[in-house]
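Because the structure is predicted, anything quoted here is derived from the model rather than measured. Remember, it's 1-based here, ligands and their atoms both numbered in the order they're listed.
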Amino acid sequence: MADCGKVFLVGAGPGDPGLLTLAAKRLIETADAIVYDRLIAPEILDYAKPECEKIFVGKTPDHSSHTQAAINEALVECARTHRCVVRLKGGDPYVFGRGGEEAAYLAQAGIEFEVVPGVTSAIAALAAADIPITYRGYASQFTVVTGHEDPEKAKTDIDWDVLAHTPGTLVFVMGMKNLGLIASHLMSAGLEGSTPAAVVERGTLPDQREVVGTLGTIEELVQTEGVKNPAVIVVGSVVSCRGLLRPGGSPSKHGGPLAGKTVCVTRAREQASSLREGLEVLGAHVVEIPLIRFEGLEASPEVIAALDALASYDWVVFDSVNGVKYFLSALAELDASSEEDSEGEAIAAPRLGNLSASIAAVGPATKKALAEAGAGEVFMPERYTTDDLLEELLKRLHEGDRVLIVSSDKARTAMRDGLVAHGIVADLVPFYRNIAALEDRERLIAALQENTIDAITFTCSSAVINFADLIGDARHLLDGVELYSIGPVTTASLVERGLVCAGEAENARIPDLIACVRQGLAAHREEASA
Ligand code: SAH
């Protein structure tokens with residue numbers, strides 16, 4: 001458009017004026033007009049020359065806001081009457097905030113424009129809270145999502161299932177109003193409640209605040225702290241990297257409910273991370289002393305026979321994440337041996353998608369592992385125990401049906417026996433071995449002798465059995481130490497061995513176990529201070 005000025009779509013960064021780019025600062029200094037929204041710090045506008053016209057197009061204190069159409073029109077109008085127009089937007093102009101639409105409108109109106117990228121809050125607010133958005137071994141990708149969906153909308157545009165299964169860090173902007181909904185969508189889609197999560201309010205600004213918890217706790221924490229917009233929501237294990245970046249410091253600025261408590265985790269090392277991280281974000285010091293380890297039985301005759309007959313089963317049942325893992329590696333092994341002659345051909349990772357049988361999982365972690373392996377529909381009981389799974393399966397099976405139960409060598413036979421009693425052909429096949437790990441025996445005994453452990457968690461009967469063997473007659477070492485159990489079977493094992501169970505997770509899941517430990521130990525703290 002002839003005789004019109006030029007519009008610069010400029011990113012103002014996340015808030016701290018120090019994070020303006022040099023280009024942004026120079027343009028603000030020369031602008032004849034600045035069109036800005038709510039999140040622009042006054043100090044940034046102070047760089048403008050006195051005669052610069054400043055036009056506010058953000059939300060006013062009475063919450064009425066300019067429509068996008070009005071903002072677009074204001075930009076065109078400004079370009080008609082000013083030579084250099086700066087459209088100043090928070091963060092990066094094209095990361096949400098409708099910068100792209102403004103550019104398209106200007107282009108259509110024939111107005112010359114240029115974009116000046118900025119530092120986006122979706123990354124910077126995390127950094128300002130000592131949360132690296134990627135970290136080798138924790139997250140090698142990140143996803144930035146709008147949390148600003150109308151919760152009443154019948155159909156969500158966000159594919160929560162995909163999101164929950166996307167590795168790496170998830171960042172939500174504009175999500176504070178829907179925080180509870182975001183957390184529950186992610187958990188229903190399969191993310192553990194113990195997944196580390198944080199909210200960073202007014203990142204990079206002097207009054208920045210952070211709340212750190214888990215998917216299961218973050219909404220409540222945010223409510224208690226009264227944290228508001230502007231804030232980003234971060235979900236993923238990088239949240240727990242704060243502990244690495246602030247050595248010695250409490251992982252939560254606001255102190256965790258388990259601060260000062262030491263909890264011993266007896267899970268196998270490769271499985272311990274979610275329990276460990278969940279306890280750590282609550283402020284606990286975690287000592288990992290695995291009492292079991294696993295070994296695949298890929299080459300056992302029973303496994304080979306089961307896989308050969310895979311097509312004949314009506315159902316394949318998985319009672320643990322490990323079962324899924326070793327089932328997959330057995331499949332891979334089988335594929336590899338049958339393709340040994342096809343030289344150089346890449347062997348595709350085994351997918352469960354083409355399994356003809358129906359698939360069942362005992363709980364959400366197992367279900368998630370199956371989904372990650374490409375399984376389609378997976379049945380799961382409402383209560384996550386093998387007894388409940390058996391009961392539900394019986395409703396769905398008919399006499400003569402064939403079921404493969406993928407299990408460990410220490411699995412209980414109750415499910416198999418229950419199915420067989422109803423005329424169903426059930427094969428309980430150990431796909432992995434569950435071995436006592438006693439390498440850290442000395443460490444555990446020493447810690448108990450030094451009285452440094454407040455609680456020990458057990459996530460399976462085998463760990464209880466190994467623990468009882470290890471403690472032997474030295475029961476006095478357990479004075480003042482609380483034992484927590486994942487579910488009824490593990491609790492029964494404790495009781496059978498004369499050990500006292502201080503608490504049992506409500507629904508046999510890791511997040512529930514974390515909640516249970518939290519409740520138990522925090523209750524003691526209250527008693528002690530009363
Ligand atoms: N273009 C902007 C984002 C605009 S959407 C950018 O790149 O940063 C507005 C959302 O950004 C807010 O709802 C909030 O989620 C986030 N946000 C902006 N500034 C922030 C800050 N200082 N700290 C935390 N979140 C911020």
Side-chain angles (χ1 to χ4, degrees), residues 8-21 23-24 34-45 56-59 63 65-68 71 75 86-104 115-133 142-151 157-158 169-183 197-212 218-219 221-222 225-236 238-239 242 253:
F8 294 87
L9 289 168
V10 177
D16 176 358
L19 294 172
L20 276 179
T21 64
I34 297 180
V35 182
Y36 67 102
D37 24 48
R38 189 171 57 96
L39 294 178
I40 306 300
E43 298 91 308
I44 290 176
L45 293 171
F56 176 70
V57 292
K59 263 199 190 123
H63 295 299
S65 54
H66 299 73
T67 64
Q68 192 57 47
I71 296 172
L75 287 177
V86 166
R87 168 64 174 124
L88 201 53
K89 298 181 74 71
D92 180 275
Y94 287 174
V95 176
F96 297 110
R98 309 182 73 170
E101 284 169 61
E102 295 179 13
V115 66
V116 178
V119 175
T120 180
S121 65
I123 298 173
L126 277 64
D130 289 322
I131 301 170
I133 195 162
F142 59 85
T143 310
V144 180
V145 188
T146 171
H148 182 57
E149 277 212 328
D150 180 355
D157 287 332
I158 298 173
T169 307
L170 299 179
V171 179
F172 293 87
V173 294
M174 302 182 283
M176 289 308 279
K177 232 172 54 194
N178 290 338
L179 175 61
L181 214 65
I182 291 170
V199 167
V200 185
E201 179 194 41
R202 296 181 63 77
T204 79
L205 288 158
D207 51 351
Q208 167 180 323
R209 290 198 294 169
E210 309 131 39
V211 173
V212 177
I218 195 73
E219 188 191 15
L221 291 172
V222 158
E225 299 286 339
V227 168
K228 300 182 299 289
N229 259 321
V232 291
I233 302 161
V234 194
V235 178
V238 290
V239 171
R242 295 175 87 230
K253 197 172 166 184

* Asked: Would you call Asp37 and Arg87 a salt bridge, taking side-chain N to carboxylate O under 4.0 Å as the test?
  ->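 Salt bridge: yes.
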
* To do: Kindly write out the residues that satisfy side-chain hydrogen bond (donor to acceptor under 3.5 Å, both in side chains) with Glu101, not counting sequence neighbours, or none if the list is empty.
  =>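 Listed in chain order: Arg98.
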
* To do: Sequence neighbours left out, what passes side-chain hydrogen bond (donor to acceptor under 3.5 Å, both in side chains) with Glu201? Give chain and number order.
  =>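 Only Arg209 meet the side-chain hydrogen bond (donor to acceptor under 3.5 Å, both in side chains) criterion with Glu201.
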
* So which protein residues pack against ligand 1 under 4.0 Å, heavy atoms counted? ->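 Residues near ligand 1: Pro14, Leu39, Gly90, Gly91, Asp92, Val95, Thr120, Ser121, Ala125, Val173, Met174, Val200, Arg202, Gly203, Asn229, Pro230, Ala231, Val232.
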
* To do: Begin with the C-alpha distance, continue with both residues' side-chain angles, and end with the deciding distance and a verdict on side chain to side chain contact (heavy atoms under 4.5 Å, CB included) for Phe96 and Thr120.
  => CA-CA 10 Å; Phe96 297 110; Thr120 180; over 6 Å; no

* **Residue list, ring pair (Phe, Tyr, Trp, His ring centres under 6.0 Å) with Tyr36, at least two apart or on another chain** => Phe56

* Looking at Leu9 and Ala103, what are the two nearest heavy atoms and their distance? -> CD1-CB, 3.6 Å

